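For reference, the structure is listed below as C-alpha cells.
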Protein chains: 2
Amino acid sequence: MNISVFGALAEANRLDMVELLLQGPMSVNEIADRLHLNQPQTSKHLKVLSDVGLVEVHKVANRRIYKLRTRPLAELDEWLGSFRKLWEERFDRLDDYLSELQGQSDRDAPAAP
Amino acid sequence: MNISVFGALAEANRLDMVELLLQGPMSVNEIADRLHLNQPQTSKHLKVLSDVGLVEVHKVANRRIYKLRTRPLAELDEWLGSFRKLWEERFDRLDDYLSELQGQSDRDAPAAP
DNA sequence: TAGGAATATTCCTGTAAAGGAATATTATTG
DNA sequence: CAATAATATTCCTTTACAGGAATATTCCTA
C-alpha cells in the first residue's frame with residue numbers, strides 16, 4: 001500500500017476533489033468553482049493528487065483537464081481486502097489473547113460472557 | 001467518510017501498527033518491539049489511532065491491550081464502493097467531456113494528432 | 001507500602017505543509 | 001504580435017505534527 005495516497009486524501013479539499021472527479025473529468029477552474037476554492041490553491045492540491053497518481057492531466061487547448069485514476073484506488077481497495085474479513089467474519093481474538101496472556105492454564109475456559 | 005482516518009493512516013508507523021494489529025490484539029511494548037519503536041512514540045501513535053477509532057484499548061493488569069476496530073475500515077470500504085465501478089466497468093468519460101468541451105460540433109473528429 | 005514494570009504525558013525542536021497574494025507561464029484569438 | 005484566458009509557481013507566514021528526552025502515572029507484586 002502506497003502510504004502517500006493516504007496523505008493526499010488526508011486533506012479535506014483534496015478529498016472533495018477526488019469525490020467531485022467521480023462525476024467525470026474537469027478543468028481546474030471548474031473544480032475551483034464547484035469547491036469554492038481559488039485557482040492557485042486548486043492547482044496546488046491537484047498537483048499533490050497528481051504526484052501520488054490519483055489524477056492525470058490532459059491538455060486541451062487552454063485548459064488542463066484533470067481526471068481520476070483508478071489504479072491507486074484499486075490498490076487501496078486491495079489493501080483493504082486484508083482487513084475485510086475483520087468485519088465479514090466475526091473477528092475477536094481478544095479473548096484468545098487474554099487467556100494467552102494469563103499463561104493459558106485453565107483449560108476449561110468459560111463460555112462467552 | 002471520516003477524513004481523520006486518512007490522516008491517521010498517512011503516517012508510516014501508524015500504518016504499520018494497523019497492519020500489525022491484523023495479527024491480533026497486542027500490548028504497547030509488544031507493538032513497540034515488533035516495529036522497533038520506542039515506547040513513548042508508540043503510545044503517542046496509538047493515541048492518534050485511538051482518537052480516530054481505529055483501535056480500542058483494554059486494560060489488563062499492568063498493560064493496555066490495543067485491538068483493531070473494524071468500523072472505520074468498514075466505512076472506508078464503503079466509501080471506496082462509490083469508486084469501485086471506476087475500475088470494474090470501464091470508466092472513461094474523458095472523451096465525452098472533450099467533445100462536450102468543443103461544443104460537440106464537428107461530427108467527424110480528426111484522428112489523434 | 002516500597003519498588004518496579006508498563007504505559008502515558010509533557011516539553012522542546014525541527015520540519016512539512018496549507019493558505020494568501022503576487023507573479024510567471026502557456027496557449028488562444030483577434 | 002498584442003491582449004487575454006487558463007493555469008502553474010514562487011514567496012511568505014502560520015500552524016500541525018513527528019521525534020527525542022525526560023518525567024509522570026498506573027498498577028502489580030513482594
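Proteins get letters first, then strands, A, B, ... in listed order; numbering begins at 1 in each. These figures come from a predicted structure and were not determined experimentally.
An OP1 or OP2 oxygen of D:dG19 is reached within less than 4.0 angstrom by a side-chain nitrogen or oxygen of B:His45. Close to C:dG19, at under 4.0 Å from its OP1 or OP2, lies no side-chain N or O of A:Asn38.
Taking atom CG on A:Leu35 and atom C1' on C:dG19, their separation rounds to 16 Å, with Å as the unit. Put simply, CG on A:Leu49 is 14 Å from C1' on C:dA18, counting in whole angstrom units.
At least one side-chain heavy atom of A:Gln23 sits less than 4.5 Å from a side-chain heavy atom of A:Arg34. By the 4.5 Å heavy-atom criterion applied to side chains, A:Thr42 and A:Met17 are counted as neighbours.
Looking only at distances, no side-chain donor or acceptor of B:Arg64 sits under 3.5 Å from a matching main-chain atom of B:Val57. Under a 3.5 Å cut-off, the side chain of B:Arg84 and the backbone N or O of B:Asp77 do form a donor-acceptor pair.
Scanning residues 3-20 of chain A for heavy-atom distances under 4.0 Å to DNA chain D yields an empty list.
Between the side chains of B:Ser27 and B:Asn29, no donor-acceptor pair of N or O atoms lies under 3.5 Å.
Note on ring orientation: taking the six-membered ring where Trp is involved, the planes of B:Phe6 and B:Trp79 are perpendicular (angle over 60°, cut-offs 30° and 60°).
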Expected string for nucleotides 6-12 of chain D under the B/S/- scheme (protein heavy atoms, under 4.0 Å, primed atoms plus P, OP1, OP2 as sugar-phosphate) is SBBBB--

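Listed by chain and residue number, A:Val5, A:Leu54, A:Arg69 satisfy the side chain to side chain contact (heavy atoms under 4.5 Å, CB included) test with A:Pro72 (two or more places apart in sequence, or in another chain).
In terms of heavy-atom proximity, B:Pro25 sits nearest to B:Lys67 at CG-CG, 3.8 Å.
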